[in-house]
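Only heavy atoms go into these numbers, but all of them, side chains included; no hydrogens, no water, no symmetry mates.
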Amino acid sequence: MPSEQWTHPEPGDGPAAVAAQPSPEQVIAGLRATSEGGAELTQLLTPEGERVPSPQFDKYVEDVDAEALRGLYRDMVLVRRADREANAMQRQGQLGIWVPLLGQEAAQIGSGRALKKNDMAFPSYREHGVAYARGVDMKDLLGIFRCTDHSGWDYQGHGFHPYTIVIGNQVLNAAGYAMGQKFEGKVGDDDGEATIVYFGDGATSQGDVHEGFVWAAVYDAPLVFFCQNNQWAISEPTERQSRLPLYQRARGYGFPGIRVDGNDVLACLAVSRWALDECRHGNGPVLIEAFTYRMDAHTTTDDPTRYRLSDELEEWKLKDPIERVRAYLARNGYADHDFFDSVQAEADSFAADLREYTFNMPEPPPERIFSNVYAEGNPVLDAQREEFLSYLDGFVSAGEH
């Protein structure tokens, strides 16, 4: 009996009661499948930088020539360098907190570059790479983590919603938005729209995510659920979240699920294009599980050495998403040392610019916290603003401020 049969017995496999009672060995095999890639992992570029042909997904990356692949490499290097700089600035007291993306660059750049102009992305709080791919100035992200702004970009113009801190809440927002796309007839052909929503493996245990699955499924909403399974929900491993691989959960809601190598930018691009294409043509939602690894702390308030072994981190370093593209480019003569050096120099300059901006970021006036709360004027909010500003004026007049 296959190790995963008990998780989704097929017709003719035997009585459901039997299939629903796995042996201890099958339980262990099922748990192991939640933390290993497995045979169903879609991969186009191995950790050693070798191209893997795929009859199903090669057509979705036919346009990715050497120049385009160099561009994806550049994207990941710049995003990682910015992430490392922001992490350092938090340690220096310039940011209140930072949420690292180290190790997840391929999942974010690959899926982010798969989006079309009229698509919409709903992030959690770690999708700095997707923001970059959608044209959001990374300086606008820093205001959130310096606690001076909620979000400083035009989310409609960029097709990138503000960050969501509440775990899983963005899935409900995305489901509603995608349902609106369906109701307004914006799906059905190549020019159709689609929505993608990002969340982690831990969020799959949240009720909001499951409600989003239900609503998207019953309304055939053009929504790609993009789960970045980075193996750890803060301090809980994936096997404490699920008894079967996360992508298989889609089956229970009636739409397809797929597991992709989240450290393979080419595979993430191809699978995301396929999933978005399914959605924009009106074929309903898709769940993508990007199998990757969080190589840093959950946030800068976290200490991962308290709950995971260094051996695990060292193993995943061998699957680094940037190094495999570098190896592929070098092996095939698509890039030389001058190219790699120029990208690194550009990344350093990019990080220095972010650093200069952060250290000199202007403090917003107190009334800023009342801005952009509602699209139109609100008398209750206006009254609160006037009361608050009057309260602050009292300190000034008393000479205490």
Side-chain angles (χ1 to χ4, degrees), residues 82-101 120-128 130-132 134-174 176-177 180 197-198 203 206 208 234 297-302 350-401:
D83 172 76
R84 296 296 81 200
E85 191 67 32
N87 203 76
M89 287 192 291
Q90 192 282 329
R91 298 307 191 194
Q92 295 164 352
Q94 294 300 318
L95 301 177
I97 192 174
W98 182 248
V99 185
L101 63 71
M120 178 62 75
F122 284 78
S124 60
Y125 43 68
R126 197 187 302 276
E127 277 67 57
H128 321 314
V130 183
Y132 172 84
R134 297 301 279 166
V136 175
D137 191 332
M138 294 199 76
K139 294 176 182 176
D140 290 334
L141 300 179
L142 296 174
I144 301 173
F145 297 98
R146 193 174 169 88
C147 307
T148 61
D149 211 340
H150 299 296
S151 63
W153 61 87
D154 177 359
Y155 76 90
Q156 289 181 319
H158 288 288
F160 187 77
H161 198 267
Y163 276 12
T164 301
I165 304 301
V166 179
I167 304 296
N169 182 249
Q170 71 275 15
V171 176
L172 288 178
N173 298 333
Y177 188 92
V197 59
Y198 294 88
Q206 291 290 114
D208 285 2
I234 304 184
H298 178 73
T299 71
T300 47
T301 63
D302 173 42
F350 184 52
D353 187 43
L354 293 177
R355 185 178 185 84
E356 177 69 18
Y357 173 80
T358 302
F359 274 68
N360 296 286
M361 192 183 300
E363 294 293 331
E367 61 268 21
R368 177 65 182 276
I369 62 175
F370 298 94
S371 302
N372 302 319
V373 176
Y374 295 101
E376 300 176 353
N378 181 283
V380 175
L381 189 67
D382 291 343
Q384 291 175 344
R385 181 180 61 249
E386 295 306 318
E387 180 182 1
F388 180 66
L389 294 178
S390 177
Y391 170 75
L392 293 181
D393 287 342
F395 286 102
V396 176
S397 61
E400 299 179 10
H401 182 66

Subject >> Check against side chain to side chain contact (heavy atoms under 4.5 Å, CB included), T358 and R355 >> reply: CA-CA 5 Å; T358 302; R355 185 178 185 84; 5.8 Å; no
Subject >> Side-chain touch L381/F370, heavy atoms, less than 4.5 angstrom >> reply: yes
Subject >> Under 3.5 Å: donor-acceptor pair, side chain of R385, backbone of S371 >> reply: no
Subject >> Gap separating the CD atom of E376 from the CG atom of N378, nearest 0.5 angstrom >> reply: 10.0 Å
Original post:
Are side-chain heavy atoms of V99 and F145 found at a separation under 4.5 Å?
Top reply: yes
Subject >> F122 and H161 aromatic ring geometry - parallel, tilted or perpendicular at 30°/60° bounds >> reply: parallel
**OP:** Answer yes or no: is there a donor N or O on one side and an acceptor on the other, between the side chain of D83 and the main chain of L101, under 3.5 Å?
**Re:** yes
Subject >> Side-chain heavy atoms of P100 within contact of H128, under 4.5 Å >> reply: no
Subject >> Distance, nearest 0.5 Å, that separates CE of M138 from CZ of F350 >> reply: 5.5 Å
Subject >> Spacing of NE2 belonging to H158 relative to CG belonging to D140, to within rounding of 0.5 Å >> reply: 7.0 Å
Subject >> From CD1 (I97) to CD1 (I165), nearest 0.5 Å >> reply: 8.0 Å
Original post:
Is Y374 atom OH crowded by more than 12 heavy atoms from other residues, nucleotides or ligands, each under 6.0 Å away?
Top reply: no
Original post:
Mind checking whether R368 and T148 have side chains closer than 4.5 Å, heavy atoms only?
Top reply: no
Subject >> side-chain contact (heavy atoms from CB on, under 4.5 Å) partner of R146, chosen from M89, E363, Q90 >> reply: E363
**OP:** Using modelled atom types only, decide if a donor and an acceptor are shared between the side chain of S390 and the backbone of E386 within a distance under 3.5 Å.
**Re:** no
Original post:
Is it true that a side-chain atom of Q170 and a backbone atom of Y198 form a donor plus acceptor pair closer than 3.5 Å?
Top reply: yes
Original post:
Is atom CD of Q92 surrounded by more than 12 heavy atoms (other residues, nucleotides or ligands) closer than 6.0 Å?
Top reply: yes
Subject >> Validation row: P123, F160 side chains within 4.5 angstrom (heavy atoms) >> reply: yes
Subject >> Y155 atom OH, neighbour heavy-atom count above 12 within 6.0 Å >> reply: no
Original post:
Do R126 and H298 have side-chain N/O donor and acceptor atoms under 3.5 Å apart?
Top reply: yes
Subject >> Where V130 and A121 come nearest, the two heavy atoms and their spacing >> reply: CG1-CB, 4.4 Å
Subject >> Worked check of side chain to side chain contact (heavy atoms under 4.5 Å, CB included) between F388 and I369 >> reply: CA-CA 11 Å; F388 180 66; I369 62 175; 4.3 Å; yes
Original post:
When rounded to the nearest 0.5 angstrom, what is the spacing between CG in D208 and CG in L172?
Top reply: 4.5 Å
**OP:** Verify, without hydrogens or angle tests, whether E127 (side chain) and S124 (backbone) share a donor-acceptor contact under 3.5 angstrom.
**Re:** yes
**OP:** Side-chain contact test, heavy atoms from C-beta onward, threshold under 4.5 Å: evaluate it for V166 versus Y125 and give yes or no.
**Re:** no
Original post:
How many angstroms lie between atom CD of E85 and atom CG of L142, to the nearest 0.5 angstrom?
Top reply: 10.0 Å
